[in-house]
Amino acid sequence: MNYLAHIYLSGENDLVTIGNFMADGIKGKKYKKYAKDIQIGILLHRHIDTFTDAHKTVRKSTKRLHKKYGHYSGIIVDILYDHFLAKNWSRYSDIPLEDYANTFYDSLEEHYHILPIRIQKMMPFMIADNWLLNYASVEGIQRVLEGMNRRTKNRSGMDKAVNELEVFYTDFEAEFTSFFEELIEFSKLKLKELNSNI
């Protein structure tokens, strides 16, 4: 899953959410140097990624892209799924997405000192371009995919994946909706477990 899903699945604790958001920048056991709630967020992120990568519905989505995008297919599906979460946000939250995103950006700025350098560098762009809100439109997803493609020095061709999104839109949306219900339940249980064990 991509940024919006990870943030959403963290629950209402700001530090758990920050930990989940920055988890890709924390390798191995380095998470142990952080406060308990940050640790929970980092570990929750890892569990979500493992559950997602192994899930048959997600694999169905990635298989559709694999021939053209190879090992980048999983990254593309993560981004596409965030689109469907943003587009259907009111199904999952009573807080409007714009308000939710702004609250998260405020929290990021408040906890800036905790963030890994890579996230600190990315954060101003994320806030200025309001990534979380822009995921809701196909145009916004196009910009995200273009940015990801530039990061691979244009090797991935990810900027073209909006074509598959448009052609298989209803298939991807149905797969996301089915999978995300399971992921919400999994994340709630895992969060409870981590809170008890750390």
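Side chains are part of it too, since the values below use all heavy atoms of this structure and drop only hydrogens, waters and symmetry mates. Small disclaimer: the values here were computed from a predicted structure and weren't measured.
- Contact annotation: the side chain of Asp49 approaches that of His6 to within less than 4.5 Å [non-hydrogen atoms, C-beta and beyond].
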Q: Apply the test side chain to side chain contact (heavy atoms under 4.5 Å, CB included) to residues Arg64 and Phe172: give CA-CA distance (whole Å), side-chain angles for both, the deciding distance (0.1 Å), then the verdict.
A: CA-CA 10 Å; Arg64 195 175 289 121; Phe172 281 125; 3.3 Å; yes

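- The shortest distance between side-chain heavy atoms of Tyr135 and Leu97 does not fall below 4.5 Å.
- Although no hydrogens or angles enter the test, the distance criterion places a donor-acceptor pair under 3.5 Å between the side chain of Ser196 and the main chain of Lys192.
- Considering every non-hydrogen atom in both Ile7 and Phe21, the closest pair reads CD1-CD1, 4.1 Å.
- When all heavy atoms are compared, the tightest approach of Ser10 to Leu44 is CA-CD2, 4.0 Å.
- Side-chain atoms of Glu109 and Ile127, non-hydrogen and from C-beta on, do get closer than 4.5 Å to each other.
- Note: Tyr112 OH to Ile18 CD1 = 13.0 Å, rounded to the nearest 0.5 Å.
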Could you give the side-chain donor-acceptor pairs of residues 75-82 under 3.5 Å, partners two or more places apart or in another chain?
residue	atom	partner	partner atom	Å
Asp78	OD1	Met1	N	2.9
Tyr81	OH	Ser61	OG	2.6
Asp82	OD1	Ala5	N	3.0
Asp82	OD2	Tyr3	N	3.2
Asp82	OD2	Leu4	N	2.7

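- In this structure the side chain of Tyr8 reaches within 4.5 angstrom of the side chain of Ile184, judged on heavy atoms.
- Between the side chain of Tyr72 and the backbone N or O of Thr152, no donor-acceptor pair lies under 3.5 Å.
- In this structure a side-chain-to-backbone donor-acceptor pair under 3.5 Å is missing from Asp99 to Pro96.
- Aromatic pair Tyr169/Phe84: centroids less than 6.0 angstrom apart.
- When hydrophobic clusters are built by joining Ile, Leu, Val, Met, Phe, Trp and Tyr residues whose side-chain heavy atoms come closer than 4.5 Å, directly or via intermediates, Ile119 is not grouped with Ile117.
- Counting only heavy atoms from C-beta outward, the side chains of Thr177 and Glu173 approach each other to under 4.5 Å.
- Going from atom CD1 of Ile38 over to atom CG of Leu43 covers 11.5 Å, rounded to the nearest 0.5 Å.
- Arg143 and Glu146 are not joined by a salt bridge, as no carboxylate oxygen comes within less than 4.0 angstrom of a charged side-chain nitrogen.
- Counting non-hydrogen atoms of neighbouring residues, nucleotides and ligands closer than 6.0 angstrom, the CD atom of Glu98 reaches no more than 12 such neighbours.
- Asn149 places a side-chain N or O within 3.5 Å of a backbone atom of Gly157 that can act as its donor or acceptor partner.
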Q | Intermediate values then yes/no, side chain to side chain contact (heavy atoms under 4.5 Å, CB included), Tyr100 and Leu132 | A | CA-CA 9 Å; Tyr100 186 89; Leu132 300 180; 5.5 Å; no

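- Note that CZ of Phe176 is 10.5 Å distant from OG of Ser178, once rounded to the nearest 0.5 Å.
- In this structure a side-chain-to-backbone donor-acceptor pair under 3.5 Å is present from Thr50 to Arg46.
- With values rounded to the nearest 0.5 angstrom, Asp94 atom CG is found 10.5 Å from Trp89 atom CH2.
- Contact detail for Met126 and Tyr105: the closest heavy-atom pair is O-OH, 3.9 Å.
- Between Met22 and Ile42, the shortest heavy-atom distance links the atoms CE-CD1, 4.3 Å.
- Atom CG of residue Leu65 and atom NZ of residue Lys160 lie 14.5 Å apart, to the nearest 0.5 angstrom.
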Q.
Apply side chain to side chain contact (heavy atoms under 4.5 Å, CB included) to residues Lys56 and Phe179 and explain how you reach the verdict.
A. CA-CA 9 Å; Lys56 65 180 192 296; Phe179 165 68; over 6 Å; no

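- No more than 12 heavy atoms of other residues, nucleotides or ligands lie within 6.0 Å of NZ in Lys60, so this atom counts as exposed by the packing criterion.
- Linking ILVMFWY residues whenever their side-chain heavy atoms come closer than 4.5 Å, directly or via other members, leaves Leu189 and Phe186 in distinct clusters.
- Inter-residue side-chain proximity for His55 and Leu183 is flagged as unmet; no heavy-atom pair is nearer than 4.5 Å.
- Using a distance-only test at 3.5 Å, with no hydrogens or angles considered, no donor-acceptor pair links the side chain of Ser93 to the main chain of Ser90.
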Q: Quick one: do Arg118 and Asp24 satisfy side chain to side chain contact (heavy atoms under 4.5 Å, CB included)? Show the steps, please.
A: CA-CA 10 Å; Arg118 185 176 69 86; Asp24 281 335; 3.7 Å; yes

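- Within the 3.5 Å criterion, the main-chain N or O of Thr57 finds no donor-acceptor partner in the side chain of Glu175.
- Sorted by first and then second residue, the side-chain hydrogen bond (donor to acceptor under 3.5 Å, both in side chains) pairs with a member in residues 25-42 read Asn13-Asp37; sequence neighbours excluded.
- Donor-acceptor pairing under 3.5 Å is lacking for the side chains of His83 and Asn2.
- Separating the CD1 atom in Ile40 from the CD atom in Glu193 is a distance of 11.0 Å, to the nearest 0.5 Å.
- Put simply, the residue from Leu191, Leu85, Ile48, Thr17 that forms a side chain to side chain contact (heavy atoms under 4.5 Å, CB included) with Leu9 is Ile48.
- Inter-residue side-chain proximity for Ile114 and Leu15 is flagged as met; some heavy-atom pair is nearer than 4.5 Å.
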